[in-house]
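Naming convention: chains lettered A, B, ... in sequence-line order (proteins, then strands); numbering from 1 in each chain. Values below: all heavy atoms of this structure, side chains included; hydrogens, waters and symmetry mates excluded.
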There are 2 protein chains.
Amino acid sequence: MARFDLLPQAHSSGTNQAARLIPCAACNVRELSICDALRGPEIDRIAEIVSRISIPAGRTVFQEGDEADYVYNIISGALRLFKLMPDGRRQITGFLFPSDFVGIALKARYAYSAESVCDMIVCRFPRHKLEALFADFPALETRLLETAGNELIAAQDQMLLLGRKTAAERLASFILRLLERASARGAKTEAIELPMTRTDMGDYLGLTVETVSRTFTKLRQNGLIATPNPHEVEILDPGGLERMAGGG
Amino acid sequence: MARFDLLPQAHSSGTNQAARLIPCAACNVRELSICDALRGPEIDRIAEIVSRISIPAGRTVFQEGDEADYVYNIISGALRLFKLMPDGRRQITGFLFPSDFVGIALKARYAYSAESVCDMIVCRFPRHKLEALFADFPALETRLLETAGNELIAAQDQMLLLGRKTAAERLASFILRLLERASARGAKTEAIELPMTRTDMGDYLGLTVETVSRTFTKLRQNGLIATPNPHEVEILDPGGLERMAGGG
DNA sequence: CGGTTCATTGATTCGCGTCAATGCAGGTGG
DNA sequence: CCACCTGCATTGACGCGAATCAATGAACCG
């Protein structure tokens, strides 16, 4: 299992230059991210400790049990967080998209692994340096607590999904949730992008690839969605999809 | 669905007197709870805003969607948090025991309902007054963030359980988790108490009552546990139980 | 162009859910 | 004290939804 490495030096210094050229002040996800807790010149204190890093698709960013030296903010692309059982069963605990923050659980070690779903750009913060900013900027900690609360609520929704929903309800809920998040980020919402594979979706929804695939077919046959290609869904009938998602 | 009401006035004022007679300084779960973030005289600031309340078994403490005016600390007894689907399917998202804090997700409305599993005593804080203490005692907010992180990690473990584990693995994991928590609270660990019903366990583990009952029988037959009565488990073979829980 | 990964579909299996019956403990009222 | 009820736990018989096993085809790629 290849660990995540910085890009080759030439490329890496390229992205570091990019970071200087496009500082936090011009960040396209700032007002959605935790950095929004900082105002005006305060943002420079964040800028001092951050590295903007490109990560190609399919890379391990960190693994469960690693020293949690860094936390991340997603700028573009998507990340999957997951836990593995010794026999290889995998549960994806979340997909992260631009403006999402990785590492709320500020423990000594990561409680899950993280891999890039596609090419992506992240902001990386040394954890202890970010924590050191809490003293000067309590709003940052408040913001993090707020984010943690949102994550907990999402986690509870996911427990309901995994514990009590049928395959069709799970997939419908998943699509609607992605739709919400896409619209919160200001992305287009007629069609939404699914950067992850069917296997990823299955491991997120507690299903197998085959069941995910069959359920896509079912939703398509019911006229709720269209899938022009495997990584794109069009929402044809939002109301019907809501009904299919089962409420709760 | 009867809402939680304070106890009848006579009784209620009795418990308020009790709160004054047994102030926070003598609280038996303080060093385990969020209140541990406050030292010496600071604890009085908490004591000013807290009410200690008795709640009989089976009461609704709050419901999903209610205004989240209060947060709680469990002193004794047990609480179940859950979400309902319109057709009545229920997912219990957590059981809370002494020293646990309810309401980390400090949103305007509760994201889940809460009912007492058995008779219990809680400390109740007006949410906005607790938040007001953050400014004077940033350690309190840090402590809450830490607690939220722990909850998030627990939530991810539960997702793995619900998404990928078999019935036997779920029940074994559940028993071991209760054992850990009991020992963290300093409770006895040869036998652990199960204040909730089989139905509650099923709704927590994503199973039916019948499957929970059959799985208890199976663990008993394998010599891993004994159940002198339905609300008590003895751990006969912790190693075997760990193996049965499937790692991860 | 063979090799790999991914998505889809079909046939079959199986773990858990559903339905049903029994027994026990606790509470209530006659 | 006993008859009755209710809630909970357990067990058995059966069915179903999703997993497993297997095959095919498309896209991509060194």
Could you tell me the separation between the [atom1] atom of [X] and the [atom2] atom of [N], rounded to a whole number of Å?
X: A/L205; N: D/dA18; atom1: CG; atom2: P; answer: 12 Å
X: B/D200; N: D/dG7; atom1: CG; atom2: C1'; answer: 13 Å
X: B/K218; N: D/dT10; atom1: NZ; atom2: C1'; answer: 17 Å
X: B/L219; N: D/dT10; atom1: CG; atom2: C1'; answer: 15 Å
X: B/L207; N: D/dG17; atom1: CG; atom2: C1'; answer: 15 Å
X: B/L194; N: D/dT10; atom1: CG; atom2: C1'; answer: 16 Å
X: B/K165; N: D/dA18; atom1: NZ; atom2: P; answer: 22 Å
X: A/R170; N: D/dG17; atom1: CZ; atom2: P; answer: 14 Å

Ignoring hydrogens and angles, does a donor from either the side chain of B/E210 or the base of C/dC16 sit under 3.5 Å from an acceptor on the other?
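Side chain to base: no pair below 3.5 Å.
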Could a donor-acceptor pair under 3.5 angstrom be found where the side chain of B/R214 meets the base of D/dG12?
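Per atom types, the contact qualifies.
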Within 45° cone and under 6.0 Å: B/R80 NZ/CZ vs B/Y204 ring:
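Geometry flag: not set, cation outside 6.0 Å or 45°.
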Assign the ring pair A/F62 / A/Y110 to parallel, tilted or perpendicular, where the plane angle (0 to 90°) is split at 30° and 60°.
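Plane angle under 30°, so parallel.
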Side chain of B/T197 (C-beta onward), nearest among D/dC8, C/dC6, D/dT11:
D/dC8
Which nucleotide in the list C/dT18, D/dA18, D/dT10 gets nearest to the side chain of B/T208?
C/dT18
Could you pick out which residue, A/R164 or A/M201, lies toward the 5' side of DNA chain C when each is mapped onto its nearest nucleotide?
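Residue closer to the 5' terminus by nearest nucleotide: A/M201.
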Look at the side-chain N and O atoms of [X] and state whether any lies under 4.0 Å from the OP1 or OP2 oxygen of [N].
X: B/S213; N: D/dT10; result: yes
X: A/T166; N: D/dG17; result: no
X: B/T211; N: C/dG17; result: yes

Go nucleotide by nucleotide along DNA chain D from the 5' end; which of B/V209 and A/A168 gets its closest nucleotide reached first?
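First, find each residue's nearest nucleotide; the 5'-ward one identifies B/V209.
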Is there a side chain to side chain contact (heavy atoms under 4.5 Å, CB included) between A/I225 and A/T227 once you walk through the steps?
CA-CA 7 Å; A/I225 62 169; A/T227 54; 4.1 Å; yes
Between A/T211 and A/L207, is there a donor-acceptor pair closer than 3.5 Å when you use the side chain of the first and the backbone of the second?
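Pair absent, no side-chain N/O of A/T211 close to backbone of A/L207.
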Would you indicate what B/G206 reaches in the nucleic acid, counting non-hydrogen atoms under 4.0 angstrom: base, sugar-phosphate, or nothing?
sugar-phosphate
Qualifying residue for side-chain contact (heavy atoms from CB on, under 4.5 Å) with B/I92, from B/L81, B/D203, B/L205, B/V117:
B/D203
